[in-house]
Amino acid sequence: MDMTIIGTKWVYRNKLNENGVVTRNKARLVAQGYNQQEGIDYDETYAPVARLESIRILLAYACALDFKLYQMDVKSAFLNGFINEEVYVAQPLGFIDFAKPNYVYRLKKALSKSLEILKKFRLEDSKPIKTPMSTETKLTRDEEGESVDNTKYREDPKTSHLEAVKRIFQYIKGTMHLGLWYPKGSDIETIVYADSDHAGDYVDHKSTSGVCTFIGCCLTSLFSKKQTALVISTTEAEYVSAEKAYQQALWVKQALVDYGVRLDDIPIMCDNKGAIDLSKNLVQHSRTKHIEIRHHFLRDNVQKGNISIEKVSSENNIADILTKPLKREPFNYLRLGLGMMEQID
């Protein structure tokens with residue numbers, strides 16, 4: 001049998017903490033879909049993949065101008081799910097079977113699908129849950145506990161990290177009929193929501209930032225990320241989140257230039273009056289001068305008129321859904337604000 005053998009390669013990466021200290025060494029095995037020789041035809045290998053935000057911006061732009069889009073499916077042996085084609089890869093370096101050095105691996109599948117995951121963890125008959133996380137969930141560190149993503153947790157009296165993961169899958173099971181709604185005829189104006197959960201991490205007491213960006217009514221980006229530094233007030237946590245929102249706004253603003261759209265001002269919606277006042281105040285008061293200089297990048301651009309920060313009520317701040325567990329009613333309200341609606345066939 002004459003088959004092409006795909007080589008493999010290890011990709012190494014060091015994970016750093018906020019102080020630049022290596023906390024984790026990560027290794028990833030990738031397949032080499034080519035027959036070139038390293039050092040002759042190439043020095044590095046990479047797969048050019050469009051950012052999901054770029055795709056969503058294209059869709060939002062098409063909706064605003066009522067363009068017609070065509071989807072093209074590319075058949076690949078490395079897409080999600082089971083593979084019907086015969087694909088063989090070489091044994092990875094460092095894991096070669098010396099008893100069978102000339103043998104190769106046959107690739108059966110890449111990544112598991114959601115319903116397959118439910119079956120794997122025996123959750124296919126579990127009851128769907130309306131929210132992905134309980135408002136009573138509290139996870140704390142235990143050095144003697146089971147390791148999860150390089151951090152050890154112990155059970156809270158009300159829940160455990162395993163129950164929290166199980167709950168997420170149960171939520172996914174009950175929301176597979178939902179999808180992002182991109183309405184036709186939306187405008188091209190861009191708006192960014194920013195929020196934070198001050199000292200919400202029960203382990204290191206760091207805050208969580210949530211940011212979501214809309215072009216018209218279309219959600220184009222969202223993220224939830226723990227802040228790298230400790231802050232001593234809600235105002236500072238919100239200010240840091242607003243700065244991250246501005247970074248995202250700059251990226252979207254530049255991306256829209258490729259479509260011939262130039263926005264003069266992108267409003268950032270924030271529900272904290274103290275953070276808004278801080279972004280407009282030229283004087284560094286003693287209670288705020290310790291905030292990292294890089295975060296005053298936001299204030300400088302507010303003063304220059306490149307960005308504006310506007311007040312939004314807490315109940316209407318859509319980014320709140322990205323910072324903390326919420327009860328069912330506000331969660332559903334904010335999820336609808338994200339544009340998550342029932343799909344219509």
Side-chain angles (χ1 to χ4, degrees), residues 51-60 63 71 73 79-82 109-139 148-149 156 158-184 186 191-197 200 208-226 248 269 314-345:
R51 286 181 57 169
L52 185 57
E53 293 96 327
S54 300
I55 297 174
R56 288 174 176 162
I57 289 175
L58 171 63
L59 295 176
C63 288
Q71 179 180 348
D73 291 330
L79 293 179
N80 295 352
F82 289 93
K109 67 174 183 176
L111 302 176
S112 299
K113 295 182 180 179
S114 300
L115 294 175
E116 293 167 1
I117 293 177
L118 292 173
K119 184 176 181 180
K120 178 179 179 180
F121 292 98
R122 301 176 183 176
L123 296 174
E124 64 268 27
D125 297 325
S126 62
K127 181 180 178 181
I129 292 181
K130 299 299 182 180
T131 59
M133 193 171 183
S134 169
T135 56
E136 299 179 348
T137 296
K138 296 181 180 180
L139 298 178
V148 177
D149 191 24
D156 181 83
K158 297 183 181 297
T159 188
S160 69
H161 67 279
L162 293 178
E163 288 298 318
V165 172
K166 178 180 177 181
R167 184 186 179 96
I168 291 175
F169 284 123
Q170 289 177 284
Y171 169 75
I172 293 175
K173 179 180 180 181
T175 57
M176 297 181 69
H177 63 292
L178 299 179
L180 271 181
W181 180 57
Y182 276 34
K184 185 172 66 173
S186 300
I191 186 171
V192 185
Y193 290 85
D195 196 21
S196 72
D197 179 27
T208 300
S209 292
V211 175
C212 54
T213 307
F214 292 84
I215 295 181
C217 298
C218 305
L219 177 70
T220 57
S221 69
L222 73 164
F223 69 83
S224 176
K225 188 175 182 180
K226 186 164 68 173
Q248 185 66 22
M269 310 305 294
S314 297
E315 58 269 21
N316 290 321
N317 190 347
I318 302 176
D320 190 39
I321 197 174
L322 304 172
T323 63
K324 65 180 77 67
L326 298 173
K327 293 184 178 180
R328 181 175 175 179
E329 290 77 14
F331 177 84
N332 288 341
Y333 175 73
L334 294 178
R335 187 179 67 183
L336 185 64
L338 287 173
M340 293 294 296
M341 300 185 181
E342 187 171 352
Q343 300 182 68
I344 302 175
D345 294 332

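Here, residue 1 is the first one in the sequence, and each next residue gets the next number. The basis for the numbers below is simple: all heavy atoms, side chains too, and nothing from hydrogens, waters or symmetry mates.
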Task: Where Cys217 and Pro183 come nearest, the two heavy atoms and their spacing - done: CB-CG, 3.8 Å
- [ ] Mind listing the closest non-hydrogen atom pair of Leu322 and Phe223 along with its distance?
- [x] CD1-O, 3.7 Å
Task: Atom of Asn316, atom of Tyr333 and distance for their closest heavy-atom approach - done: OD1-OH, 2.6 Å
- [ ] Tell me, with the steps shown, if Leu336 and Met341 meet side-chain contact (heavy atoms from CB on, under 4.5 Å).
- [x] CA-CA 7 Å; Leu336 185 64; Met341 300 185 181; 3.8 Å; yes
Task: Side-chain touch Ile321/Leu326, heavy atoms, less than 4.5 angstrom - done: yes
Task: Nearest heavy-atom neighbours spanning Glu342 and Leu178 - done: N-CD2, 3.7 Å
Open item on the list: Please give me the minimum heavy-atom distance between Lys173 and Ser126, naming the atom from each residue.
Closed with: NZ-O, 2.8 Å
Open item on the list: Strictly distance-based, threshold 3.5 Å: is any side-chain N or O of Lys324 a donor or acceptor partner for the main-chain N or O of Gly200?
Closed with: no
Task: Enclosure of Arg328 CZ (heavy-atom neighbours >12, cutoff 6.0 Å) - done: no
Open item on the list: Contact between Ser224 and Thr208 at the side-chain level, heavy atoms closer than 4.5 Å - yes or no?
Closed with: yes
Task: Point-to-point distance, once rounded to the nearest 0.5 Å, from CD1 of Ile129 to CZ of Arg167 - done: 4.5 Å
TODO: Would you indicate whether the side-chain heavy atoms of Leu59 and Cys218 approach each other to under 4.5 Å?
DONE: no
- [ ] Verify, without hydrogens or angle tests, whether Thr220 (side chain) and Thr213 (backbone) share a donor-acceptor contact under 3.5 angstrom.
- [x] yes
Task: Student check: side-chain heavy atoms of Met340 and Leu180 closer than 4.5 Å - done: yes
TODO: Measure across Ser209 and Thr323 and return the closest heavy-atom pair with its distance rounded to 0.1 Å.
DONE: C-CG2, 4.2 Å
Task: Straight-line distance of Leu338 CG to Trp181 CH2, nearest 0.5 Å - done: 13.5 Å
TODO: Determine yes or no for a side-chain-to-main-chain donor-acceptor pair under 3.5 angstrom, with Asn317 supplying the side chain and Ala194 the backbone.
DONE: yes
Task: Inter-residue atom distance Lys130.NZ - Arg335.CZ, 0.5 Å rounding - done: 8.0 Å
Task: Donor-acceptor contact present, side-chain Tyr182 to main-chain Leu219, <3.5 Å - done: yes
Task: Arg51 bridged to Glu53 by N-O distance under 4.0 Å - done: yes
